[in-house]
Amino acid sequence: MRAGTLHSMSDGPGEASAHAAGDAAFADEAFAEARAAVAAATARLAAAGARREVLAAYEPPRRRLGLPRAARMRRLGEVWRLGSLLLDGDGRLYAVGRVVRAEAPARRSVTANAVAEQRAYRAAAVKGGIPAGETVDFDAVPIPLDGGTAALPAGGPVALRDGRVMVRWNPSDPGAWTPLAGYLAERAELLAQPAPGT
């Protein structure tokens with residue numbers, strides 16, 4: 001456990017603020033390392049021309065000027081998917097939300113609400129002008145790395161732990177944390193040089 005993480009009951013006001021300053025310095029260093037890792041991954045993927053996916057915002061059906069307007073996806077840009085994270089060409093990081101493949105609507109009998117919902121999202125992507133067959137990421141949550149721990153989404157896949165910015169690589173396992181820098185480097189390399197046949 002690094003110094004400054006635990007405060008004794010006898011710490012006075014001066015010692016407490018010294019601990020706080022030390023914690024802030026460690027956090028600044030950790031976030032600087034994370035930003036450098038994001039920049040390196042962005043450069044690696046861009047140089048390799050790695051496969052990107054569409055980043056979009058889902059717009060539910062509504063009425064406009066009294067006329068019904070079908071649900072659609074609004075294209076926001078392109079991202080690389082790196083496991084539980086998304087990364088765009090400007091070095092912005094996101095937590096993966098929902099993922100669909102754009103597909104034109106078709107008349108099919110539906111037996112499950114989940115299947116119908118998935119088909120509706122696929123059709124909304126095409127309705128928004130996204131070509132059929134494209135992979136679409138939506139409901140992604142931005143992960144800012146320049147505002148300290150207070151800016152990180154609560155319960156998200158990225159957190160400051162043990163003095164480093166960490167990522168939870170398996171959302172279903174609360175203990176599956178690994179340093180963000182190494183995670184991004186490994187995932188970026190896999191995407192930049194995919195195995196034959198993938």
Side chain to side chain, Arg98 and Gln118, heavy atoms closer than 4.5 Å: yes
Between Ala30 and Val165 the two heavy atoms that sit nearest each other are O-CG2, 3.6 Å
Distance alone, cut at 3.5 Å: any donor-acceptor contact between the side chains of Arg51 and Thr135? yes
Is the shortest distance from a Lys or Arg side-chain nitrogen in Glu134 or Arg75 to a carboxylate oxygen in the other one below 4.0 Å? no
Can you tell me how far the CZ atom of Arg74 sits from the OH atom of Tyr58, to the nearest 0.5 Å? 13.5 Å
Do side-chain atoms of Trp169 reach the backbone of Tyr183 as a donor and acceptor pair under 3.5 angstrom? no
Test log, rule side chain to side chain contact (heavy atoms under 4.5 Å, CB included), inputs Leu85 and Leu180: CA-CA 10 Å; Leu85 303 174; Leu180 177 67; 3.6 Å; yes
Would you say the side-chain atoms of Arg35 pair up with the backbone N or O of Leu145, donor to acceptor, closer than 3.5 Å? yes
For Glu186, look at atom CD and say whether over 12 heavy atoms of other residues, nucleotides or ligands are found less than 6.0 Å away. no
In terms of hydrophobic clustering (I, L, V, M, F, W, Y; side-chain heavy atoms under 4.5 Å; direct or indirect links), are Trp80 and Val54 co-clustered? no
Side-chain heavy atoms of Pro157 within contact of Ile143, under 4.5 Å: yes
Check: Phe31 and Leu152 side chains under 4.5 Å, non-hydrogen atoms: yes
According to ring-ring contact (aromatic ring centres under 6.0 Å, His included), who are the partners of Phe138, at least two apart in sequence or on a separate chain? Tyr121
Between the CZ atom in Arg81 and the CD atom in Glu53, the distance rounded to the nearest 0.5 Å is 4.0 Å
Spacing of CG belonging to Leu45 relative to CD belonging to Glu189, to within rounding of 0.5 Å: 9.0 Å
Near Glu117 CD, under 6.0 Å, is it more than 12 heavy atoms from other residues, nucleotides or ligands? yes
Look up atom CZ in Arg52 and atom CG in Leu191, then write down how far apart they are to the nearest 0.5 Å. 10.0 Å
Working for side chain to side chain contact (heavy atoms under 4.5 Å, CB included), residues Gln193 and Arg44: CA-CA 10 Å; Gln193 294 187 323; Arg44 176 71 181 101; 3.6 Å; yes
Begin from the C-alpha positions of Glu103 and Arg119 and carry the test salt bridge (Lys or Arg N to Asp or Glu O under 4.0 Å) through to its verdict. CA-CA 8 Å; Glu103 182 182 283; Arg119 288 179 183 166; 5.5 Å; no
Of all heavy-atom pairs linking Pro144 and Pro142, the shortest is CD-O, 3.5 Å
Please report the closest heavy-atom contact between Gly155 and Arg168, naming both atoms and the distance. O-NH2, 3.7 Å
Which heavy atom of Val136 sits nearest a heavy atom of Ala56, and at what distance? CG1-CB, 3.7 Å
Under the 3.5 angstrom rule, does the side chain of Asp88 hit a backbone N or O of Asp90 as a donor-acceptor pair? yes
Report whether Val38 and Leu160 are members of the same hydrophobic cluster (ILVMFWY, side-chain heavy atoms less than 4.5 Å apart, transitive linking). yes
Side-chain hydrophobic cluster, 4.5 Å single linkage: members besides Leu76: Leu55, Val79, Leu86, Tyr94, Val96, Val99
Any sub-3.5 Å donor-acceptor pair from Arg122's side-chain atoms to Ala102's backbone N or O? no
